[in-house]
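Below is one structure, written out as structure tokens, with a few remarks after it.
No hydrogens, no waters, no symmetry mates; every other heavy atom, side chains included, goes into these values. A, B, ... follow the sequence lines: proteins, then strands. Residue 1 opens every chain.
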2 protein chains.
Amino acid sequence: MPHDHCPSCAAPDLAFVAHDHGPCASDALARAIAILAAKGLRLTPVRRRTLEILLEGHRALGAYDVLSRLASEGFGAQPPVAYRALDFLEEHGLAHRIRRLNSFTACMHIGENHTAAFLICRACNAISEAPATPSRAALDSAASAQGFAIESATIEALGLCPACQRAAA
Amino acid sequence: MPHDHCPSCAAPDLAFVAHDHGPCASDALARAIAILAAKGLRLTPVRRRTLEILLEGHRALGAYDVLSRLASEGFGAQPPVAYRALDFLEEHGLAHRIRRLNSFTACMHIGENHTAAFLICRACNAISEAPATPSRAALDSAASAQGFAIESATIEALGLCPACQRAAA
DNA sequence: ATCTATATGTTATATCGTAACATTACAAGA
DNA sequence: TCTTGTAATGTTACGATATAACATATAGAT
């Protein structure tokens with residue numbers, strides 16, 4: 001369900017475009033709070049901080065990167081601390097796992113019911129969450145041709161963002 | 001480039017269908033030999049055996065699974081032995097990496113120039129290589145809307161194959 | 001205030017993957 | 001045939017990613 005009243009839905013993904021990132025982050029955080037409240041789930045300090053860390057940029061962070069940030073801020077220092085927070089965020093649609101990088105990124109379309117496709121720049125590591133509806137529909141159709149029932153889909157592309165293409169040329 | 005003269009191109013993927021698997025494997029091996037010969041590359045004993053192991057079924061094997069098989073047959077017993085063979089096969093289109101499972105599966109469409117989509121049954125672990133052309137086209141179009149140049153795509157779906165859906169019902 | 005479910009923290013270990021370097025086999029030219 | 005450069009295989013050692021199992025603490029309900 002796209003929100004046409006909000007900037008992040010109307011506009012294409014800004015990951016590859018210079019922009020004021022503050023609103024991206026604060027908007028996402030506000031949505032996260034609303035969604036968890038609606039579901040009766042708790043955005044505890046570790047979880048909130050983990051989400052904020054992911055929201056610092058359009059990139060993916062490994063669990064151990066997140067962990068060292070958390071540890072330096074007084075949270076637990078062992079892997080399950082990070083994995084649990086990240087898994088919670090992913091389970092409730094606030095973050096995504098980037099399989100290609102064994103890492104995690106904040107969801108930029110919180111609250112929209114979506115399959116995400118990720119464009120991963122191999123040069124600058126920026127990650128854009130692209131509209132995946134058509135791609136997902138095509139995948140659904142290939143799956144039903146074999147009688148396969150999809151429960152979750154992973155769609156990721158590795159390549160070069162516009163700026164890094166120019167830099168490489 | 002589909003081969004309409006060969007069974008594996010004309011027919012839909014057989015992973016979820018009971019079938020005589022012998023031809024799948026021997027056909028794939030024959031194609032692998034032809035392709036490597038054409039490129040002047042060597043299908044050495046480890047590489048060949050690794051491919052044969054992957055070709056034993058429509059499923060994915062972890063690098064360490066492959067490694068223990070290789071080791072038990074007198075090949076080296078250290079991880080790089082398996083990873084090198086697997087990476088070689090992937091690089092030349094004879095095998096695919098399944099990101100979702102951190103594992104590898106034989107390519108069932110060797111020699112066809114394709115982006116693969118994988119249907120992964122979470123109950124029986126069978127893996128089907130589905131036609132991904134439409135899905136990939138949609139992804140390309142989402143990428144170019146952001147000026148992103150895709151170099152490689154990962155399209156995977158987790159769910160239930162027909163037989164396991166019936167078993168679950 | 002107590003109870004219960006949830007969340008956080010720990011130790012320990014499993015699993016996946018690669019860097020660096022020594023040794024062996026191979027193919028191509030002298 | 002013999003050298004010789006290159007590719008392939010093997011090793012040790014380690015780094016990176018992830019989870020099992022269990023102890024402690026906290027929030028919210030009664």
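One atom, CZ of A/Arg47, and another, C1' of C/dA7, lie 6 Å apart when rounded to the nearest Å. Distance A/Asp65 CG to D/dG15 C1': 14 Å, rounded to the nearest Å. Atom CZ in A/Arg48 sits about 18 Å away from atom C1' in C/dA7, given to the nearest Å. A/Leu41 places its CG atom 13 Å from the P atom of D/dG28, with the value rounded to the nearest Å.
Residue order along DNA chain C, read from the 5' end via each residue's closest nucleotide, puts A/Arg42 first among A/Arg42 and B/Ala63.
Both tests pass for A/Arg47 against the ring of A/Phe88: distance under 6.0 Å to the centre and angle within 45° of the axis.
Scanning atom types as modelled, one donor and one acceptor separated by under 3.5 angstrom connect the side chain of B/Tyr64 and the base of C/dG17.
For the pair B/Thr44 and D/dT9, the criterion of a side-chain N or O lying under 4.0 Å from OP1 or OP2 is met.
Proximity of residues 69-106 of chain B to DNA chain D (heavy atom under 4.0 angstrom from any strand atom) is restricted to B/Phe75, B/Gly76, B/Ala77, B/Gln78, B/Pro80, B/Val81, B/Arg84.
Aromatic ring centroids of B/His96 and B/His114 lie under 6.0 Å apart.
By the 30° and 60° cut-offs, the orientation of the rings of A/Phe148 relative to B/Phe16 is parallel.
Between A/Thr154 and A/Arg100, the side chains place no donor N or O within less than 3.5 Å of an acceptor N or O (distance only, hydrogens not considered).
The distance from atom CZ of B/Arg49 to atom CG of B/Leu55, rounded to the nearest 0.5 Å, is 10.0 Å.
Between the side chain of A/Glu156 and the backbone N or O of A/Arg99, at least one donor-acceptor pair lies under 3.5 Å.
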